[in-house]
Each structure stands twice: as C-alpha cells, then as structure tokens.
Amino acid sequence: MDYKHLSLENRDGLLIVLLNRPESNNALNIRIRDELEFIFSESKKDPKIRGILLGANGKNFCSGYDLEEVVETKLGSFRHRILEYHYELYSFPKPLVCVLKGFCSAGGFDLALSGDYILAEKKTFLFRPEIRFGGPPLITTLARKVGPSKALSLTLLGDPLRSQDALELGIIDEVVTEGDSLTKGLKILEKLSQWDPKLIRAEKEISNNFFQGNLYENLKKEFDLFKEFLENPNFLKIVSEYAKSIKQKV
C-alpha cells in the first residue's frame with residue numbers, strides 16, 4: 001500500500017507509525033483508517049517487526065473521525081470497516097505503545113486506547129464528545145482500562161480529561177513532563193518487546209478475552225447497536241450541526 005497519511009520508520013524492528021494529516025489535526029478519514037488497518041495487519045505477520053509505536057505529526061494526536069467526510073458520505077464513513085479496523089488494532093498481538101499530545105478526541109481517544117502502554121505529554125486533553133451529537137461512544141475500548149462502570153460514568157459525563165486526570169484514573173500509564181515523548185515511548189517499547197513473541201501474544205490474548213468477554217464479540221455488539229443510531233433519519237443532521245461547531249482543519 002502507498003501510505004498517504006502515515007509516516008513510517010523502522011528502528012531495529014520497532015516500527016514508528018505517525019499519523020500524518022496535521023492540516024486536519026490527524027482526523028481519521030477512510031484512507032488513514034485503511035492505512036492503519038493495513039500496516040497493523042502486515043506487521044503482525046512480519047517476524048522482523050517486534051512492536052509498534054503509534055504517534056502523530058503536528059500539534060495534536062487526533063481529532064477523531066473526519067466529520068466533513070462523514071457528512072459528505074452521508075454517514076458512510078462511520079460505516080466503513082468499523083469492526084475490522086478497530087479489531088485489527090485492538091487485537092494486535094505484539095507490543096503497542098501510544099504517544100499522545102494535544103487533543104485526543106472521539107475516535108482519536110479510541111485509537112489511543114489500543115495501546116498496551118500509553119504515554120501523554122503534559123498538556124494533552126482526552127475527550128469523548130460523541131454523546132453530544134447523539135452517538136454512543138465505545139465502552140469496550142475504555143472499559144479495558146478502567147472497567148465497565150467507570151467507563152460508563154466517564155462517558156456519560158462527557159468532560160475533557162487532562163493528562164494528569166487520565167493518569168490517576170488509569171486510562172494512561174505515564175505523563176511525559178520533560179524530554180522527547182517519542183524517544184521515551186521507544187524506550188518503553190524496547191522493554192515491552194524484549195520477551196518471547198509467543199509469550200507476549202499469549203498474555204495479550206488473555207488480557208483481551210478472558211475477563212470481560214471476547215474482544216471481537218464485544219466490539220461487534222457495540223457496532224451493531226451503533227448501526228441503529230445510523231438509521232435514525234435525524235442523525236445525519238445532528239452530526240452535520242456538530243461538525244459546524246468544531247474546527248478540525250488547522
């Protein structure tokens with residue numbers, strides 16, 4: 001695949017994947033999600049890749065799904081490979097470290113939550129605004145970090161979280177207060193990926209599927225419910241109005 005919206009660098013088997021749509025605050029259009037799904041799919045099969053560090057170019061990690069595209073496609077972007085994309089990232093069998101900065105919103109929040117270890121710069125904000133335009137934010141993704149009850153209360157509150165708040169809640173693992181966050185992330189990834197790949201795969205399989213149900217089935221059930229909202233004839237109008245109220249492009 002020709003990567004239009006990702007920047008890739010392999011450092012001795014540690015693959016650095018940077019979201020590269022800074023002009024749109026790395027909004028997740030169909031193309032960038034397809035590229036992410038593809039690189040994760042290829043990397044899990046490549047024995048030379050030991051793990052992935054996921055970060056972003058520009059000031060912000062990710063502003064969520066590209067709402068301009070969502071409106072232009074009449075919600076088609078929301079429907080596009082929604083289960084396949086999320087499952088490919090969340091079931092990645094090798095270590096995944098996410099490095100956050102700036103705003104990390106909606107689908108960008110969910111993308112960040114795919115990390116086995118999540119670092120955030122001090123001024124990072126995490127936000128789940130979907131509930132404000134009538135869409136159900138994913139519970140499965142956040143529940144993996146804080147449990148289903150806390151995931152529900154945080155979702156219903158709908159308030160932005162500073163990185164320190166996210167650390168105290170157990171959503172992220174570390175706040176980077178000095179030095180380069182990507183360099184710090186690479187050091188963590190090196191530690192996580194030093195073990196036998198079969199052992200890492202087994203531990204991730206246990207974490208994903210043994211305590212809160214099967215990951216694939218949980219995601220599928222959530223997206224099946226989401227489809228009911230997409231069938232609401234007023235949903236497109238609500239999303240369109242919300243899209244006008246925010247600024248995803250720089």
Modelled atom types, side-chain donor and acceptor of Asp34 and His80, under 3.5 Å
yes
Are any side-chain N or O atoms of Glu69 and backbone N or O atoms of Ile30, one a donor and one an acceptor, separated by less than 3.5 Å?
yes
Let me see the working for Asp110 and Arg128 under salt bridge (Lys or Arg N to Asp or Glu O under 4.0 Å), right down to the final yes or no.
CA-CA 9 Å; Asp110 290 323; Arg128 313 193 93 200; 2.9 Å; yes
Do the side chains of Leu28 and Phe125 join up, straight or via other hydrophobic residues, at under 4.5 Å, putting them in one cluster?
no
Under a 3.5 Å distance rule, please check whether Lys204 uses its side chain to pair with a backbone N or O of Lys94 as donor and acceptor.
yes
Answer whether the closest heavy-atom distance between the side chains of Glu42 and Asp46 falls below 4.5 Å.
no
Keeping the roles fixed (side chain from Arg79, backbone from Lys227), state whether a donor-acceptor pair exists under 3.5 Å.
no
Checking side-chain polar atoms at under 3.5 Å, does Asn20 have a donor or acceptor matched by the opposite partner on Ser7?
no
Do Ser63 and Gln248 have side-chain atoms, one donor and one acceptor, less than 3.5 Å apart?
yes
Audit row: Lys44, Glu88, salt bridge (Lys or Arg N to Asp or Glu O under 4.0 Å) steps and yes/no
CA-CA 10 Å; Lys44 74 180 180 184; Glu88 192 65 60; 3.0 Å; yes
To the nearest 0.5 Å, what is the distance between CZ on Phe92 and CG on Leu54?
10.5 Å
Looking only at heavy atoms, the pair that brings Asn218 and Gln212 closest together is ND2-O, 2.6 Å
Is it the case that Arg144 and Asn208 place a side-chain donor and acceptor less than 3.5 Å from each other?
yes
Once you measure the plane-to-plane angle for Tyr87 and Tyr216, does it fall in the parallel (<30°), tilted (30-60°) or perpendicular (>60°) bin?
perpendicular
Give, for atom NZ of Lys249 and atom CD of Glu68, the distance between the pair rounded to the nearest 0.5 Å.
4.0 Å
Aromatic ring proximity, centroids under 6.0 angstrom, Phe78 and Tyr65
yes
I'd like to know whether Arg50 forms a side-chain contact (heavy atoms from CB on, under 4.5 Å) with Asp12, so could you lay out the CA-CA distance, the side-chain angles of the two residues, the decisive distance to 0.1 Å, and finally the verdict.
CA-CA 9 Å; Arg50 297 185 288 136; Asp12 191 27; 3.8 Å; yes
Just checking, any donor-acceptor pair under 3.5 angstrom between side chains of Asn209 and Glu205?
yes
Would you say CD of Glu9 has more than 12 non-hydrogen atoms from neighbouring residues, nucleotides or ligands within 6.0 angstrom?
yes
Would you say that Tyr242 contacts Pro129 through its side chain, given a criterion of any heavy-atom pair below 4.5 Å between the two side chains?
yes
In this structure, NZ of Lys187 is separated from CG of Leu119 (nearest 0.5 Å) by 12.0 Å
Using a cut-off of 6.0 Å, state whether more than 12 heavy atoms not belonging to Phe103 lie near its atom CZ.
no
Is there side-chain contact between Leu154 and Leu169, with at least one heavy-atom pair below 4.5 Å?
yes
